[in-house]
2 protein chains.
Amino acid sequence: MSVTAAKGFQAAGIAAGIKENGNPDLALVVNTGPRRAAAGVFTSNRVKAAPVLWSEQVLKSGELTAVVLNSGGANACTGPKGFQDTHATAEKVAEVLEIGAGEVAVASTGLIGLLLPMDKLLPGVEAAAAQLSEHGGEKAAIAIKTTDTVHKTSVVTQDGWTVGGMAKGAGMLAPGLATMLVVLTTDADLPSDVLDQALRAATRTTFDRVDSDGCMSTNDTVLLLASGASEVTPEYAEFAEAVRTVCDDLGQQLIRDAEGASKDIKIEVVGAASEDDAVEVGRSIARNNLLKCAIHGEDPNWGRVLSAIGTTKAAFEPDQLNVAINGVWVCKNGGVGEDRDKVDMRYREVHIVADLAAGSETATIWTNDLTADYVHENSAYSS
Amino acid sequence: MSVTAAKGFQAAGIAAGIKENGNPDLALVVNTGPRRAAAGVFTSNRVKAAPVLWSEQVLKSGELTAVVLNSGGANACTGPKGFQDTHATAEKVAEVLEIGAGEVAVASTGLIGLLLPMDKLLPGVEAAAAQLSEHGGEKAAIAIKTTDTVHKTSVVTQDGWTVGGMAKGAGMLAPGLATMLVVLTTDADLPSDVLDQALRAATRTTFDRVDSDGCMSTNDTVLLLASGASEVTPEYAEFAEAVRTVCDDLGQQLIRDAEGASKDIKIEVVGAASEDDAVEVGRSIARNNLLKCAIHGEDPNWGRVLSAIGTTKAAFEPDQLNVAINGVWVCKNGGVGEDRDKVDMRYREVHIVADLAAGSETATIWTNDLTADYVHENSAYSS
C-alpha cells in the first residue's frame, strides 16, 4: 500500500542499473492532485547532500508534484557536479511528467562521495514514469532499500481519508532525523502550513527519537505530500495523530531492521525535570557502546546506564537515580537494587526505565544493541 | 620503574583475593617525604564512585602520604555503604602506616554496582604494607590492571629529579578524564599549587584527548605526588613538560591496549577557528561508530568523516573541508579528492587529518577502531 494507499498518487520502482547488483534502485512518486500541498523535514547535519539542498529549496513553495528517489548512491560530498546531477534529475522528471523542475523533490541514499551514474539514472526516470501506477507503492518502497533487509510501509485510514508512507534506513540512524528517506502521502485536503506543522510535530517524537548508532546522515529526508483527492479536510488533531502513528510505525520498523542488531532497546526516561532533560538522558544511554554491548550479551549492566546518565547536564541527584531493566528495579537510589539475576533478557525487546526523580517529564528513545554483525556489515565493504 | 622511579616513594602490589581469579588486585603507593605535596584530577562524570568522592575531599589539603588502589571492583553506585568501605580502607592504610586517614587517597576500578569484599581488602592492605619497597612500582602497576593486557608505566628523568607514573585503562575511555587510574610521582620539591597547575595543563592535552569508546568512567583519577626527595626545585616550564610527557606516554599506552582494537587512530584537526572547535570536531570523528568500523575494515571512507564533522557547531563551510587519510587527500573542498585506492591502511596506526579551512588552531584526538573483539569483550561478561 505504501505511498499509493492514499487516493491521488501513483508510484513506481525499477532497477535502473545504479546498483551494480541489478537490484531495484529508482523510485518515483507522483501526486495526481487535485492539490499539490507538501511539507518536508531534513537532516540537521551541516554537511548536506545535493538532493537535500535541492529539495529544501523547491519545498519553499509549499508544493510538490513528484518525488524521485534513488538508492545506490547518496550524491553527498560531490561538489558542484553533484548538485548539477540532482538538478538534471529533477529536470528529467519534469520533462517526462510535463511539469516544472521546481515541483520535483529529489532524494538519494547510498555511499557518500561518489557521483551518480547519470547515464543509468536519466533513462531510469523515463522507465519509471512509464510504469507509474496507483498500485506502485510497494515497488517504490523496495527500490529505496540499501542495507535494509525488508522494505518498510505503513498506512492509517480514517473516515474517508488516508495517510500512508514508505521508509528506508538501517544504519547511520540518529536524531535530526533518524532515518534516511521517508515519503508520506495523504489524500486529505490540507494546505502546506498544516502539513508542515503536523509533520514537524510527528517527527520530533518519532524519527527524532530513533537512535540506532548515533551517526547522523547527510541525506535524511521526510516528505509529506497531500493530494486532496479525498475531498475531506480532517480536524488538525486527528490528522496530526494519523501522521504521528505512521511515523512511529515506520520508525519502529527501522529499529527492527537496524544493521546487525539482535535487540531492540526501548529507553524510557521518567521523572525528568523537563522533556529536554529526558531526551538528553535517553540519547546518552542510547549511545553508550559499552551498554549496547552488555545488552547484546544479555547482561543487565545498570552501572553502564548510570555512567551514561552521569555525562549529561540533566537535573538529577546521583543518589536518587533508579533504573529498571525489563521490569526489575536493579538500581535504587543510585545503588544496588533488586537482584539482577531476576532480569530476563532472552527476548528481542529490552525495556530500560531510567527514573531521574527530578520531575514528571518523560521521553522514550529507541536504539539497538551493538553486535559483531554491525561491525562486520560496516567494515566489510563501503556503505 | 613506575611510581618508584622518583626518590622518596615506596610501592607494593599484591593479590588480596578481591578478584576471583587470584590475580594481583591491590596496590599501595607511599610518599616517604620529606614533602607530601599532591594534586589530583578526577572524572567529570556526575555519577562519581565512592573513592573519587573521598579522594577529592582529602586532596583539598594539598597533601597526600599514601594512595591505595584496588582492581576487581569500582565501588561505584554502591550508596552509603560503599562510601563507608572507602573510608574504612583509608583508615586501615592510616593505621598500618601510622598516619591520618586524611592523608590517604583511595582509587578503585572494576565492575560498577558491587560492594567490595572488605574481608579480603582490609587484610590485603596489611599484606601490601608489609611488602612496600623502593622497587615495588612495577608490582603496583600490575595490581591495578583490569581488562588491560599489559601494565603501563612511564618515567622522565631530568637533572637530578624524576617524574614517573603508572596507569590502567583499556575500556570506558573518554575525555574528562580518559583513563581509569593514574598515579604519578616526582621527587621534585614543589608545592601543591604548582603540581595542580602542571597536572591540569598536562591532562588537558593528553588523557583528555584519548577517546577510545566515548564512554566516560565513574572512577577516573589522576594523582600527582611530590616527595621533594631530590631537593631540586625545577623551573615550572621544565617540570610541566616532564609531567606532560609522562601523561602523553601513558595515554598512548592506553590507546595501544584498548579493548579489542586493531587500529590506533590519530585524528588531527587543523585549520580550526579555535582550539575548542578543533577538539569538538576531533571528538565527533572519534565517536563515529560507522567510521570506526570502516577503519577496522581498512576502508578509507572519508564520507563518514564529513558526516561526523557536519554534526558539530564548529566554524566551517561544507564545501571547503579537506580530509587526508594516511597522507592522501581523499576529500578536497568537501568533495572527491585524490584516488582513495592510494591510501595504504595495512598498518596499525591510522592518521586522519581534517582541515576545517577556518583558521589556524589545531588539536589531536586519539581513538581506536570498533571491532567484533570489542563487542565480544564487552558483552561476554560484566566488566
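Here the structure is a predicted model, which is why all the values come from computation and not from measurement. Convention: sequence-line order gives letters A, B, ...; per-chain numbering from 1.
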Let me confirm one number: the CZ-CG distance from B:R46 to A:L306, rounded to the nearest 0.5 Å. 11.5 Å
Examine whether an atom of A:T78 lies under 4.5 Å from a heavy atom of chain B, and if so say whether it belongs to the side chain, the backbone or both; otherwise answer neither. backbone
Top contributor to chain A contacts, counting heavy-atom pairs under 4.5 Å, from B:G334, B:G335, B:G337: B:G334
For A:K81, is it the side chain, the backbone, both, or neither that has a heavy atom closer than 4.5 Å to a heavy atom of chain B? neither
In Å, rounded to the nearest 0.5 Å, how long is the span from CG of A:L290 to CD1 of B:I112? 9.0 Å
Begin from the C-alpha positions of A:V375 and B:D373 and carry the test side chain to side chain contact (heavy atoms under 4.5 Å, CB included) through to its verdict. CA-CA 10 Å; A:V375 174; B:D373 287 347; over 6 Å; no
Taking atom OG of A:S379 and atom CD of B:E298, what is their separation to the nearest 0.5 Å? 10.0 Å
Is A:L321 close to chain B through its backbone or its side chain, or both, or neither, when contacts mean heavy atoms under 4.5 Å? side chain
Greatest number of non-hydrogen atom pairs under 4.5 angstrom with chain B, of A:N333, A:L114, A:D319, A:T312, falls to A:T312
Counting only heavy atoms closer than 4.5 Å, note whether B:K48 contacts chain A via side chain, backbone, both or neither. neither
Name the option with the most non-hydrogen atom pairs under 4.5 Å to chain B; the candidates are A:P318, A:G297, A:S284, A:C331. A:G297
Holding to side chain to side chain contact (heavy atoms under 4.5 Å, CB included), I want the full list of residues that pass it with A:D344, two or more places apart in sequence or in another chain. A:R346, A:Y347
Counting heavy-atom pairs under 4.5 Å with chain A, which one of B:G79, B:A308, B:A294, B:A76 comes out on top? B:A294
Can you tell me which portion of B:I295 sits under 4.5 Å from chain A's heavy atoms? Options are side chain, backbone, both or neither. neither
